[in-house]
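Worksheet: one structure, shown below.
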Amino acid sequence: MKILIFLLLTVQLAEARSKMKQFQLFSKCKGVHLSVEMLPERAERIKLTWEQVNEIAMKRLKKARLYVPRKFAVGAEEDFHPVLYISVNVSKTAFSLAVEFRKVVRDKFTGQEEYAVTWRIGVLGVHGFRNQFILRMVDKYVGIFIEEWSKVNKSYCDEEKTVDPTQGPIKPPGLVR
């Protein structure tokens, strides 16, 4: 009897984790905007620039067919694509990197819709006064996001036949390394 209860609880826990992952990353095949936070002045000491971080992340997202540019034109319709937000902080000898997936969620009680962080990954480390290690971590963690996003969205995107091309890619990315 104890084994049966244990197995039942294990199945329910796995199902709950699956539903949570679905909530965190599901985007109905919509591509993502990219937002890279400005780097602190200390990043200049190790020759790390915002442009380098942005270029690596953008390259990965474009290769995976996930990147959707923002519309800044006056009068353009509001665009509620999810956002991949990247933040790099640098101290004298250490750094932190955060990669967040932000999407519009609806408050069940008020009905209000706002952007919220639904998925996050990051790392703390020692940079060794070189920017290359940090840039490799940006590439690695954006890759992890793409892989996780693909797992959640693949079946929906494969089934969806009428995706508006202005909403992002029609097919989800493959596992890009």
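When reading the values below, keep in mind they use all heavy atoms of this one structure, side chains included, and skip hydrogens, waters and symmetry mates. Quick note: residue numbers are just sequence positions, from 1.
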Do the side chains of Val117 and Leu25 join up, straight or via other hydrophobic residues, at under 4.5 Å, putting them in one cluster?
no
I need the minimum non-hydrogen distance between Arg60 and Gly143, along with the two atoms involved.
NH2-CA, 3.4 Å
Cys29 and Asn153 have their tightest heavy-atom pair at N-OD1, 4.1 Å
Is there a side-chain contact between Tyr67 and Val32 in this structure, where contact means two heavy atoms from C-beta onward sitting under 4.5 Å apart?
no
Report yes or no: is the cationic atom of Arg102 (NZ for Lys, CZ for Arg) under 6.0 Å from the centre of the six-membered ring of Tyr115, at an angle within 45° of the ring normal?
no
Do the side chains of Arg42 and Asn89 get nearer than 4.5 Å, heavy atoms only?
yes
What distance separates His33 NE2 from Leu61 CG, expressed to the nearest 0.5 Å?
12.0 Å
Under a single-linkage definition using a 4.5 Å side-chain heavy-atom cutoff for Ile, Leu, Val, Met, Phe, Trp and Tyr, are Trp50 and Leu48 assigned to the same hydrophobic cluster?
yes
Do any N or O atoms from the side chain of Lys30 and from the backbone of Leu66 form a donor-acceptor pair under 3.5 angstrom?
no
To check you understand the geometry: which heavy-atom pair defines the closest contact between Trp119 and Glu148, and what is its length?
CZ2-CG, 4.1 Å
Do other residues, nucleotides or ligands put more than 12 heavy atoms under 6.0 Å from Glu41 CD?
no
Applying salt bridge (Lys or Arg N to Asp or Glu O under 4.0 Å), name anything that partners Glu37, two or more places apart in sequence or on another chain.
none
Can you tell me how far apart CD1 (Ile56) and CG (Leu135) are? Round to the nearest 0.5 Å.
4.0 Å
Can you give the donor-acceptor pairs under 3.5 Å from side chains of residues 120-131 to other protein atoms, not counting sequence neighbours?
unit_1 : atom_1 : unit_2 : atom_2 : d
Arg120 : NE     : Glu100 : OE2    : 2.9
Arg120 : NH2    : Glu100 : OE2    : 3.0
His127 : ND1    : Phe129 : N      : 2.8
His127 : NE2    : Ser91  : O      : 3.2
His127 : NE2    : Lys92  : O      : 3.2
Asn131 : ND2    : Lys47  : O      : 2.6

Checking side-chain contact (heavy atoms from CB on, under 4.5 Å) against Val99, which of Leu84, Val88, Val138 comes through?
Leu84
Under the salt bridge (Lys or Arg N to Asp or Glu O under 4.0 Å) rule, collect the residues that match up with Lys59, sequence neighbours excluded.
Glu55
Which atom names give the shortest non-hydrogen contact between Gly31 and His81, and what distance separates them?
O-ND1, 3.3 Å
Answer with yes or no after comparing the ring centroid distance for Phe133 and Phe95 against a 6.0 Å cut-off, counting only values under it.
yes
Can you list the steps and then say if Asn54 with Leu34 is a side-chain contact (heavy atoms from CB on, under 4.5 Å)?
CA-CA 8 Å; Asn54 190 67; Leu34 176 63; 3.4 Å; yes
Supply the atom-to-atom distance Ile134 CD1 to Arg136 CZ, rounded to the nearest 0.5 angstrom.
10.5 Å
